[in-house]
Amino acid sequence: DQQVKQNSPSLSVQEGRISILNCDYTNSMFDYFLWYKKYPAEGPTFLISISSIKDKNEDGRFTVFLNKSAKHLSLHIVPSQPGDSAVYFCAASERGRRALTFGSGTRLQVQP
Amino acid sequence: NAGVTQTPKFQVLKTGQSMTLQCAQDMNHNSMYWYRQDPGMGLRLIYYSASEGTTDKGEVPNGYNVSRLNKREFSLRLESAAPSQTSVYFCASSDFSTAGSPQHFGDGTRLSIL
């Protein structure tokens, strides 16, 4: 029973265009959502997060949108750069709990 | 800044052998975690330690034991390795005193069990 789902295993975009990565969840108790980026042979690196009391959080080229009624969040990268090519994981945590529940990841490839 | 350091980076074991994976963090975080990542899947929590002296099971604890040696170090032990434990293991730490505080990960240990 996957509580966090990333239904697109891969995504390819052109440099300079927008990348949109999607994530769905089923657990209503999740109160924080995070995005991590992972390069091969490295550990995941924290990218951006959003609290369930917000619907948008922006950090430079990265924006995360949260739609609680649809239990859906998305990560927008504008403009996309070749260095953004990596696997992106969506993760969520329940209020008062320390564990993160991860999605299966989306491999983003940004073509020069 | 070292952050989270895992040793070893690679290891090959035979079925039935035992092994301890080491993890140390230098960020003065109180919480530490062990995850495994298998192909096509996200990271799954094995065990975590909310603070020094405490440990709790995660989603997939069977076949593993952990020790929170001190605030800096959190080890994962496979007592009798099985091929199903072939995976990439990640250690992480976080400061849980801040809501939504992200976890910081090491670069992983790639473990193959023959």
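Worth knowing before you read on, the calculation uses all heavy atoms, side chains too, and leaves out hydrogens, waters and symmetry mates. Letters go in sequence order (proteins before strands), and every chain restarts at 1.
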Visitor: May I ask you to name which of A/Ser104, A/Gly105, A/Ala99, A/Gly103 has the most heavy-atom pairs under 4.5 Å with chain B?
Guide: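 Top option by heavy-atom pairs under 4.5 Å: A/Ser104.
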Visitor: Go through the structure and list residues passing side chain to side chain donor-acceptor pair (under 3.5 Å) with A/Arg17, not counting sequence neighbours.
Guide: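 Listed in chain order: nothing, the list is empty.
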Visitor: More than 12 heavy atoms of other residues, nucleotides or ligands under 6.0 Å from CZ of A/Arg107: is that the case?
Guide: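 Not buried by this count: 12 neighbours or fewer within 6.0 Å.
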Visitor: Taking side chain as everything from C-beta outward and backbone as N, CA, C, O, which of these in A/Ala41 sits under 4.5 Å from a heavy atom of chain B? Side chain, backbone, both or neither.
Guide: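 For A/Ala41, heavy atoms of backbone and side chain both lie under 4.5 Å from chain B.
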Visitor: Give a yes or no on whether B/Met27 atom CE has more than 12 heavy-atom contacts from other residues, nucleotides or ligands under 6.0 Å away.
Guide: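 Enclosed: over 12 neighbouring heavy atoms sit under 6.0 Å from CE of B/Met27.
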Visitor: Identify which part of B/Arg44 has an atom lying under 4.5 Å from any heavy atom of chain A, answering side chain, backbone, both or neither.
Guide: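 It is neither, since no heavy atom gets under 4.5 Å.
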Visitor: Side chain, backbone, both or neither: which part of B/Gln37 has a non-hydrogen atom closer than 4.5 Å to chain A?
Guide: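 Contact with chain A involves the side chain of B/Gln37 alone.
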Visitor: Considering only Ile, Leu, Val, Met, Phe, Trp and Tyr, and joining two whenever side-chain heavy atoms are under 4.5 Å apart, list the other residues clustered with A/Phe46.
Guide: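 For the cluster that includes A/Phe46, the remaining residues are A/Leu34, A/Tyr36, A/Val87, A/Phe89, A/Leu100, A/Phe102, B/Tyr33, B/Tyr35, B/Leu43, B/Leu45, B/Tyr48, B/Val88, B/Phe90, B/Phe105.
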Visitor: For chain B, which candidate among A/Lys38, A/Arg95, A/Gln6 shows the most heavy-atom pairs at distances under 4.5 Å?
Guide: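 Result: the option with the highest number of such pairs is A/Lys38.
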Visitor: As an exercise, state the distance from CE of B/Met41 to CD of A/Gln2, rounded to the nearest 0.5 Å.
Guide: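 CD of A/Gln2 is found 7.0 Å from CE of B/Met41.
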Visitor: Are A/Leu21 and A/Phe65 grouped together when hydrophobic residues (ILVMFWY) are joined by side-chain heavy atoms under 4.5 angstrom apart?
Guide: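 Not linked; separate clusters.
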